[in-house]
Amino acid sequence: MTQLPPSSNTLPALNPAIQTGRNESQPSSRPSLAFGQVMSQETQRPGFVQVQTGDTLIGLVKAHYRQNQLPISENQAMRLAHQVAARNDIANPNVIQTGQKIDFSSLQMPDLARAESFGPLDLNARSTQALNKLNASIAPAAATLTRNALAARPVTWTQASARSAGHPILDRTLERAVAKGFVAAAEVPAVRDKVLTLAKRYNFQPDDFARLTLMESGGMNPQASNGNCHGIIQFCNGPNRGAASVGFKDNPRDILGMGLLQQLDLVDRYFSQAGLRGQGPALGLDDLYLTVLTPAARQETRPDAPLPIAGPQARFLHVGQDTAAPITRNSILAGLHSLTQALLPMSAKPSAAAVLGAPGKSQVARLYNEVGSNSPTGMR
């Protein structure tokens, strides 16, 4: 798994010499203490914060900065929250539990002064005035960013919609998989139910998963392999990559001996390892695909910003279908929709941006030749 990016130069740097309570070596006298005494001493160490009802990790980071009268942007707070999560072995920075003890000493700031109640921090008049001025200056821009972000995200997919709504891309992909011999027709209902279960568990659209498999394996092909990566989402060889994360570190090619349903169980395990959760906003197609390609790149949320992805990847993932150009969230979306339209021509007509430069049959063949020659990226 790739490392998290460093914090901004405008913020206090994390101190790599400071370790969390979980990993810090203990004095030789520690084992003689009762467990309760040990825990009491650990949680009273400087830098530890006990999570209270309503707390979030990013909110606690902001509280440290507000307490010290320092400005901090949403992106800076999110970056530091991810780093604090990594140092505390928190799998999902968006999920912390009431009563949990978190070490914030890596922020290199004084301890957070927690009030008895869950109200705002007790700031003096000067601090309050400065904070109000800062909030007034950033509120319009923050409101606009929030509205744009919410408008760009898909609605939460629920079990009720699974029963009532169709999934044309998923169904067409499964029809194609039967025609290609990737799966027996008798297994299709069970495969479809499994995909719907995964979509509900990890809060993504079933059709988006189908689009992902069209790019990675030609559409639900459990025998797809480029020599380094194998199966329907291309579990790759090597330590800390996809095959290792699902228990095939020493024998990754054995994945090819598994059927489609068995590989969907591996997908379930992989998504869990990659930190996907069913809570919060629905997962968009770009984030779903980045979870397979390079999970760390999900931290870059700007739609047209170059993503930290080793290349070249498949041509249609790059801006302008040029492998010398970067990969962005928008280019990923355009590429996935273009390939879907090429492989499933009877599917609903996508937007003009999606079909721009849609590949023909010869281009699709070249696309898969390119995928086969690429090196594995991220955890995939």
Side-chain angles (χ1 to χ4, degrees), residues 3-18 20 45-88 90 92-96 98 100-153 280-281 287 296-308 328-329:
Q3 295 181 344
L4 292 167
S7 60
S8 169
N9 293 333
T10 62
L11 299 173
L14 293 172
N15 184 355
I18 299 177
T20 64
R45 288 176 53 208
F48 273 87
V49 175
Q50 182 169 347
V51 177
Q52 297 179 0
T53 302
D55 281 344
T56 64
L57 199 54
I58 191 171
L60 291 172
V61 169
K62 291 178 183 178
H64 272 89
Y65 276 77
R66 288 198 300 265
Q67 177 176 285
N68 290 276
Q69 303 180 36
L70 295 173
I72 183 171
S73 70
E74 288 292 329
N75 286 340
Q76 290 168 336
M78 181 175 66
R79 186 180 303 114
L80 286 178
H82 276 78
Q83 293 179 351
V84 169
R87 289 182 176 273
N88 284 269
I90 298 174
N92 185 350
N94 296 320
V95 180
I96 55 177
T98 300
Q100 184 176 359
K101 311 298 191 303
I102 302 178
D103 184 2
F104 282 85
S105 60
S106 55
L107 294 180
Q108 298 182 354
M109 287 188 171
D111 289 351
L112 183 64
R114 301 301 298 261
E116 290 299 323
S117 66
F118 301 137
L121 292 174
D122 184 14
L123 302 176
N124 57 37
R126 180 180 177 184
S127 299
T128 302
Q129 184 179 8
L131 181 58
N132 290 339
K133 183 177 180 181
L134 175 63
N135 286 338
S137 66
I138 66 173
T144 300
L145 288 173
T146 300
R147 285 195 301 270
N148 291 343
L150 291 175
R153 305 309 297 167
D287 279 308
R298 294 176 299 190
Q299 296 180 65
E300 175 55 77
T301 58
R302 293 172 296 174
D304 290 309
L307 297 172
T328 67
R329 285 179 175 267

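- In this structure, the side-chain contact (heavy atoms from CB on, under 4.5 Å) partners of S73, at least two apart in sequence or on a different chain, are N75, Q76.
- Separation of atoms CG (N94) and CD1 (I58) is listed at 8.5 Å; rounding is to 0.5 Å.
- Among all heavy-atom pairs drawn from L307 and R329, the shortest one is CD1-N, 3.8 Å.
- The main-chain N or O of Q52 is never found under 3.5 Å from a side-chain atom of Q50 such that the two would form a donor-acceptor pair.
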Practice problem: Test side-chain contact (heavy atoms from CB on, under 4.5 Å) on L80 and H64 and set out the steps. | Solution: CA-CA 11 Å; L80 286 178; H64 272 89; over 6 Å; no
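- Put simply, OG1 on T328 and CD on E300 are 10.0 Å apart, with the number rounded to the nearest 0.5 Å.
- Shown here for T56 and I96, the closest heavy-atom pair between the two residues is C-CD1, 3.6 Å.
- With values rounded to the nearest 0.5 angstrom, M78 atom CE is found 5.0 Å from T301 atom OG1.
- Interatomic distance, NZ of K62 versus CG of L70, reported as 15.0 Å (0.5 Å rounding).
- Shown here for P93 and A81, the closest heavy-atom pair between the two residues is CB-O, 4.5 Å.
- Between the side chain of R79 and the backbone N or O of Q299, no donor-acceptor pair lies under 3.5 Å.
- Residue L60 holds its CG atom at 4.5 Å from CG of D55, rounded to the nearest 0.5 Å.
- The only option from V95, L57, I90 that meets the side chain to side chain contact (heavy atoms under 4.5 Å, CB included) definition with Q100 turns out to be I90.
- In this structure a side-chain-to-backbone donor-acceptor pair under 3.5 Å is missing from R87 to F104.
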